[in-house]
Amino acid sequence: MSIDTPLDKVRNIGIIAHIDAGKTTTTERVLYYTGRTYRLGNVDDGNTVMDWMEQERERGITITSAVTTCFWKDFQINIIDTPGHVDFTGEVERSLRVLDGALVIFSAVEGVEAQSEAVWRQANTYHVPRIIYINKMDRLGASFNGTLETIKERLNVKPLVLEIPIGEEEKFVGIIDMIEEKAYIFRDPSGEKYDIEDIPEEYRAEVNSRKEELFETIADVDEEALEIYLNTENIPKETLKKAIRQATIANLAYPVLIGSSYKNKGVQMVLDAVCAYLPSPLNVKPVMAKDLKTEEEVECLPDHNAPLTALVFKVMSDPYVGTLTFVRVYSGTLKKGSYVLDSTNEKKQRIARLLRMHANKKEDIDYIKAGGLGAIVGLKDSYTGHTLCDMSHPVFLEKMSFPEPVISVAVEPKTRADQSKLSAALARFSIEDPTFKIKFDEDTSETIISGMGELHLEIIVDRLLREYKVEARIGKPQVAYKETIENASKAEEKYAKQTGGHGQYGHVVLVVQQSEKGKGFNFIDRTKGGVVPKEFIPAIKKGIENAKESGPLLGYPVVDVEVKLIDGSYHPVDSSELAFRIAGAKAFRKAMRKGLPYLLEPIMEVEVVVPIKFMGDVVSNLSSKRGSISGVTEKGHTAIIKALVPLSNMFGYSTILRTITQGRGSFSMTFNSYDRVPVAVQEEIIKKAKGEI
């Protein structure tokens, strides 16, 4: 069965934030108030619905994005609860791609933190409209004004303050609604019920001042509201709501709400705001796809009668039903029992079973209409980023991009019996998680797994043991370096082999040079006069792409290089794609060796929060780790230190910080960029790798 909610009443939202800001707790309250659950789940009690994996409940963090559907008043809200830890940034990335709007949660104690900024930038990339929710207003150290300032300063946005608190910390007893001009007072200890009263007199001046700010901000971004405001110095309630919605959908401003999810205060108002201000699938810009017949760009309109276009945004293994493929349907209707085309790999797929997900619980449905989210059971060879479309209207959606891994460990099975189980499990993980990579090192005969951080790989190893019963020895974490070239260099390679009958002949001349930082790899054919026939050019490029996976210094991938094919020759009989692929690979390796290759290392943006008295020791320690201090902010008795530090020097930092600050410091780090390793450090890394030290 399937529920047909009108599209204008559908909200596809994500709940995103820094770790410990209260994402999962807020989602649990949403599920409770919308009747999806009948008891309140708590992270500390390990009984949440959305954090259903054993590893999530043990650690009290979200690891994998979970999908659920709930109903509030006459609206259908499809929710993706995303991880807050930087190691699982890929989960946030793929969720943002398919969302229409987001609820961004900040803690009233810590304000905007490092991962909050990173997630906000990701949401900017995908132009996702957002509502801001300041949580934990009842906690010691909570500051509404302080958090608002960090939102303005660190995110550079226009906040639309729709609610202000009555009291803070343990005195937080209510919320004032700026638009309705009413106070919601929480006298019930559970927070579930509240009294609606007039605004307390002592808050009237602040309300008037805040409302003036709200009018001015909205008048700045909405012409109709501006005209009314200039004539009357007031904006009627309905006009104001309409203007807030339009400004939110256009990403010009962001409504701000407050509450305490753990104490059940303010969550109902957040649900009302999600329905009132975040867009439906009809309000967002249509997704563009490439028509594979005409090669033209086409709009995927949210119309359930249009040809099907859907994007796979997540694949996971389920112990009961097998492979679950999560999709967002942009246009048309995905029906149970139908056949569709996976245009990414040109394979025909049968939709045997469709599910509406409620975290790890499932509900069978007959179809998913345009604008909907759901899961397909049992698809083979359709992975994250693949497009599913109508057989007679083949289209292709832009692929999803994911950050590169920054840390690696060697994994070795303890017994021969574990070997095949290990290979199968790792292959499964790499399909589920695009930020997880596997490589076999032929020199050491080791399997190397790479991910986004120590916790990411720790969870993978834990899952190997629990889910796949694989006993394995794990090496020490290693930094995932990359290699590039300093000087442009030219290399020639003539591959000629006579084996009786047809031989092999390929001849190329390449110039390899450094390209712009972060540009990756670029191949340009500069040959003239057909010295290398066009049909062999892709083979040369393929050979170079294979060769760049292992650089000349220590076998790390080569990045930020531009390769120009400038000359070559061919044999009318003996030339083949294989010969040119080998010639291209050999010429590239030769050019890399000649061009002074060097290592690049991941640099992390580190944010440390400590009592002020420990600030000097922490700054000194970060500097000793080749850290560059980018800012120090004092907030009450606390110092927030921001620095750029090489990842290689951050292993085990939590223990060091605990020692320096007597256990009172905390830190978070996000990937910033790859940068050149200093010469002396590079020499040491190479000597270590060769076993010389």
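We use all heavy atoms of the structure for the numbers below, so side chains are in, but hydrogens, waters and symmetry mates are not. Remember, it's a predicted structure, so these values are computed and weren't measured experimentally.
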query: Side-chain donor-acceptor pair under 3.5 Å between Y505 and S569, yes or no?
result: yes

F313 side chain reached by I80 side chain, heavy atoms, under 4.5 Å: yes

message: Once side-chain contact (heavy atoms from CB on, under 4.5 Å) is applied, do any residues pair with S343, and if so which ones, sequence neighbours excluded?
response: L292, L341, T387, C389, F396

message: Just checking E398: does its CD atom have more than 12 heavy atoms from other residues, nucleotides or ligands closer to it than 6.0 angstrom?
response: no

query: Do D342 and S382 have side-chain atoms, one donor and one acceptor, less than 3.5 Å apart?
result: yes

message: How about CD on E346, more than 12 heavy atoms from neighbouring residues, nucleotides or ligands closer than 6.0 Å, or not?
response: no

Heavy-atom side-chain contact between N124 and R130 under 4.5 Å: yes

- prompt: Are there more than 12 heavy atoms of other residues, nucleotides or ligands under 6.0 Å from atom NZ of K421?
  reply: yes

task: Mind running ring pair (Phe, Tyr, Trp, His ring centres under 6.0 Å) on Y653 and F667 for me, showing each step along the way?
output: CA-CA 9 Å; Y653 184 66; F667 83 102; 5.0 Å; yes

Check: K541 side chain, I524 main-chain N or O, donor-acceptor pair, under 3.5 Å: no

- request: Please confirm whether the backbone N or O of H127 pairs with a side-chain atom of N251, one donor and one acceptor, at under 3.5 Å?
  value: yes

- prompt: Should the pair R463 and Y468 be classed as cation-pi, given the thresholds of under 6.0 Å to the six-membered ring centre and 45° from the axis?
  reply: no

- prompt: So, does K642 use its side chain to make a donor-acceptor pair with the main chain of I629 at under 3.5 Å?
  reply: no

task: Check whether the side chains of D418 and T415 place a donor and an acceptor atom closer than 3.5 Å, and report yes or no.
output: yes

Check: V559 main-chain N/O paired with T484 side-chain donor or acceptor under 3.5 Å: yes

- request: May I ask you to test the K490-V512 pair for a side-chain heavy-atom distance under 4.5 Å?
  value: no

message: Donor-acceptor pair, distance only, cut-off 3.5 Å: does the side chain of D560 make one with the backbone of K519?
response: yes

message: Other residues, nucleotides and ligands only: do more than 12 of their heavy atoms fall within 6.0 Å of CZ on F614?
response: yes

message: Can you see whether F521 has K548 sitting over its ring - NZ or CZ less than 6.0 Å from the centre and within 45° of the normal?
response: yes

- prompt: With no hydrogens and no angle check, do the side chains of S576 and Q504 hold a donor and an acceptor under 3.5 Å apart?
  reply: yes

Donor-acceptor contact present, side-chain K437 to main-chain P434, <3.5 Å: yes

statement: Smallest heavy-atom separation, V561 atom then S515 atom, equals N-OG, 3.3 Å

- line: Across all chains, not counting sequence neighbours, the side-chain contact (heavy atoms from CB on, under 4.5 Å) partners of I431 are V315, Y383, R428

- prompt: Under 3.5 Å, is there a donor-acceptor pair linking the side chains of S107 and E110?
  reply: yes

- prompt: Just one of T384, L388, L379 clears the side chain to side chain contact (heavy atoms under 4.5 Å, CB included) bar with T325, so which one?
  reply: L379

